[in-house]
Each structure stands twice: as C-alpha cells, then as structure tokens.
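Notes follow the structure.
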Amino acid sequence: MSIYNEDIIYAQANQPCPAGSVGYIIRPGDTLYLIAQRLGTTVANLLTLNPGINPNALQIGQQICVPSTGPAPGVCPGGTLYTI
C-alpha cells in the first residue's frame, strides 16, 4: 500500500525503516539526488538510511527509506486508507 503526499509517494514499509524515517517508492525519473532535493536532505543521508542500495540502479517500485518530515503517513485512525 502506498500513500501520496505532497508529490511524494510513501509506502508502508515491508521492512521497517530506521527511527525518524519512512518508506518511499521509487517512481520513473527518480534519482537519489532528485529525491534528496524534494525532501530537503542529502544523497549521503539517503545512502546512510539505505545501506547496500545501488544509487545507479534504482528500480521503479523499489522501496527505500527517507527522512520523515512529520507524522508518519499511512495512519488512518478508525477508517480505511484509500490510495488512488
């Protein structure tokens, strides 16, 4: 399941992300540099959150961890979360 929020697609983590970060789904055209710019962070920080990923071989639909900028998305108390 994914959540669209401010031009960023977040994911409910298949694997937990470190504290202070959330899952992000790679979209067509994404690079770590563009993601870092969008989120106000650095490529180095993204690589720290995602040890072992190859920044030159990102795959559409791949999940990575990105710094959280607020409450974790995906929480829908007492309701159903629907993604378009």
- Can you find a pair of side-chain heavy atoms, one from L58 and one from R27, that are under 4.5 Å apart? no

- Message: With side-chain hydrogen bond (donor to acceptor under 3.5 Å, both in side chains) as the rule and sequence neighbours excluded, what pairs involving residues 41-53 come up?
- Response: T41-N45

- Item | Closest non-hydrogen atom pair between I53 and Q62, with its separation | CG2-NE2, 4.1 Å

- What's the shortest heavy-atom distance between S21 and P18, and which atoms? OG-O, 2.6 Å

- Please answer: with hydrophobic residues joined when any side-chain heavy atoms are less than 4.5 Å apart, are V22 and L49 in the same cluster? no

- Query: Do the non-hydrogen side-chain atoms of I64 and C17 ever get within less than 4.5 Å of each other?
  - Reply: no

- Note on the structure: dist L39:CG -> Y24:OH (nearest 0.5 Å) comes out at 7.0 Å

- Query: Can you name the closest pair of heavy atoms from Q63 and I25 and give their distance?
  - Reply: CB-CD1, 4.1 Å

- Contacts of Q37 that satisfy side chain to side chain donor-acceptor pair (under 3.5 Å) - sequence neighbours left out: Y33

- Closest non-hydrogen contact found for V43 with A36 is N-CB, 3.8 Å

- Message: For a quick test of reading the model, state the closest non-hydrogen atom pair linking P55 to L32 and the distance between them.
- Response: CB-CD1, 3.5 Å

- Task: Determine the minimum heavy-atom distance between P28 and I60, stating which atoms define it.
- Result: CG-CD1, 3.7 Å

- Item | side chain to side chain contact (heavy atoms under 4.5 Å, CB included) against N54, all qualifying residues, sequence neighbours excluded | N56, A57

